[in-house]
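Every chain is numbered from 1, with letters handed out A, B, ... down the list of sequences.
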Protein chains: 2
Amino acid sequence: MERLLQHLKNIYDLNPELQVALQESFQQVSLSKGDYLIREGKTCRHLYFLEQGCLRGFYQVEDREVTHWFGFENDFVTSFHSFITQQPAIENIQLIEDCRLWSISKDRLNGLLASHHKAERLLRMAYEQYYIRLEERYVNAQFKSASELYEDLLDRTPHIIERVPLGYVAAYLGMSQETLSRVRSRLAH
Amino acid sequence: MERLLQHLKNIYDLNPELQVALQESFQQVSLSKGDYLIREGKTCRHLYFLEQGCLRGFYQVEDREVTHWFGFENDFVTSFHSFITQQPAIENIQLIEDCRLWSISKDRLNGLLASHHKAERLLRMAYEQYYIRLEERYVNAQFKSASELYEDLLDRTPHIIERVPLGYVAAYLGMSQETLSRVRSRLAH
DNA sequence: CATATCTTTTGATATTGGTCAAAAAAACGG
DNA sequence: CCGTTTTTTTGACCAATATCAAAAGATATG
């Protein structure tokens with residue numbers, strides 16, 4: 001749990017009461033590679049903090065899977081759309097490695113937000129960070145070529161290539177696996 | 001200002017004190033078609049609420065402009081990246097029509113957030129909405145063909161086509177102007 | 001209202017990346 | 001280890017979209 005608290009402190013300082021409340025609110029969850037954290041169609045009632053491991057979010061589009069996101073250590077994980085609106089998720093989240101997570105229910109989180117102004121601030125600031133990140137990825141994805149996208153990934157998030165099968169990475173970058181493979185071989189020579 | 005208060009009430013109820021504080025914190029701004037609200041390189045110190053009119057955000061990429069976003073009535077407008085981090089903006093925001101806006105400075109906003117738990121909540125919930133919207137657009141943009149993107153736009157945000165020059169719309173959809181034109185003519189026949 | 005300017009369309013051609021199929025390489029289980 | 005399965009690469013071909021150039025249409029301005 002130290003890692004979660006430290007992560008929150010990096011967003012904005014924690015006061016001792018909130019720290020205690022947080023410790024009482026999160027529960028540890030351990031899951032294995034291949035397990036699903038969230039399944040399409042189920043409403044997502046928990047927010048998770050990923051302490052160790054990595055996972056992917058993907059859509060089932062007709063007969064194939066389209067990975068659109070990866071989570072690593074220190075990421076908050078959920079189907080945001082489902083968790084926020086409490087509608088059924090349209091995506092799946094599946095573990096790429098064994099993971100250790102901390103989980104908090106929506107109700108419990110709402111309790112924290114209602115009773116701690118600072119919790120509300122923390123979450124607001126976390127959303128700010130996530131919003132900026134997503135915006136950056138969006139612009140990137142839309143306006144760059146396959147090889148630019150791959151080189152950017154190498155620059156900015158090299159851990160993705162190291163820990164994730166290339167098929168998932170290709171979908172994440174919005175290209176076919178074959179194209180990614182060709183981009184890589186061109187770059188190597 | 002009624003429109004702004006109503007919009008905030010739609011996100012989450014306002015108490016009277018916060019309502020007064022908001023009224024004292026926002027200032028009206030009127031600008032003309034073609035004017036810039038934000039210029040690349042300048043740090044963005046204000047958040048705006050767009051009461052009337054429409055505008056676009058665009059990047060200057062080498063020798064051309066890439067429009068990536070439109071704002072309409074009831075949208076909050078700023079370069080979020082710059083406003084949040086207080087780093088120089090990497091995008092421009094320019095008016096497509098004459099606009100009436102309400103503006104609040106970052107400092108003033110921080111004051112409101114510090115003194116009103118409910119302001120913090122409102123902003124957090126606004127970010128939630130904006131996050132979901134962006135995520136939806138992202139997945140859309142990445143995994144659909146030109147004509148699907150255009151038909152989606154017709155379905156979901158027809159006001160964009162009615163009020164924005166097609167050149168900007170094409171960039172927003174991530175295709176060339178010529179491709180958009182051809183998609184439209186195929187659809188018409 | 002005529003000219004200049006800006007926006008949209010159309011045509012010809014080039015490029016990028018997709019798909020299908022198969023080979024090669026790597027990882028996995030007994 | 002060895003065979004099996006999964007992942008990655010390679011090749012041939014095709015489709016979608018980009019680019020460049022020019023025409024047509026719309027809008028604005030003196």
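The existence of a salt bridge linking B:Arg100 and B:Glu51 is confirmed by a sub-4.0 Å separation between a basic side-chain nitrogen and an acidic carboxylate oxygen.
Between the CZ atom of B:Phe143 and the P atom of C:dG17 there is a distance of 15 Å, given to the nearest Å. Distance B:Lys33 NZ to C:dT7 C1': 12 Å, rounded to the nearest Å. Going from atom OH of B:Tyr150 over to atom P of C:dT8 covers 11 Å, rounded to whole Å. As a whole-Å value, the separation of A:Ile96 CD1 from D:dT7 P is 11 Å. Atoms CD (B:Glu178) and P (D:dA23) sit 16 Å apart, rounded to a whole Å.
Contact check, A:Arg184 against D:dT8: no side-chain N or O comes under 4.0 Å of OP1 or OP2.
Both A:Leu134 and A:Phe83 are assigned to one and the same hydrophobic cluster, defined by single-linkage of ILVMFWY side chains at heavy-atom distances under 4.5 Å. Tracing side-chain contacts under 4.5 Å through hydrophobic residues (I, L, V, M, F, W, Y), one never reaches A:Val66 starting from A:Ile96; they form parts of separate clusters. Put simply, B:Val20 and B:Ile104 are part of two different groups of oily side chains (I, L, V, M, F, W, Y) that touch within less than 4.5 Å, one to the next.
A:Tyr130 carries A:Arg133 over the face of its six-membered ring, with the cationic atom under 6.0 Å from the centre and within 45° of the normal.
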Detail all sub-3.5 Å separations between protein N/O atoms and N/O atoms belonging to nucleotides 14-18 of chain D.
{"unit_1": "D:dT17", "atom_1": "OP1", "unit_2": "B:Ala146", "atom_2": "N", "d": "2.8"}
{"unit_1": "D:dA18", "atom_1": "OP1", "unit_2": "B:Ser176", "atom_2": "N", "d": "3.4"}
{"unit_1": "D:dA18", "atom_1": "OP2", "unit_2": "B:Ser176", "atom_2": "N", "d": "3.1"}
{"unit_1": "D:dA18", "atom_1": "OP2", "unit_2": "B:Ser176", "atom_2": "OG", "d": "3.2"}
{"unit_1": "D:dA18", "atom_1": "OP2", "unit_2": "B:Thr179", "atom_2": "OG1", "d": "2.5"}

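Of the candidates A:Arg56, A:Arg163, A:Lys33, A:Glu97 forms a salt bridge (charged side-chain N to carboxylate O under 4.0 Å, His left out) with just one, namely A:Arg163.
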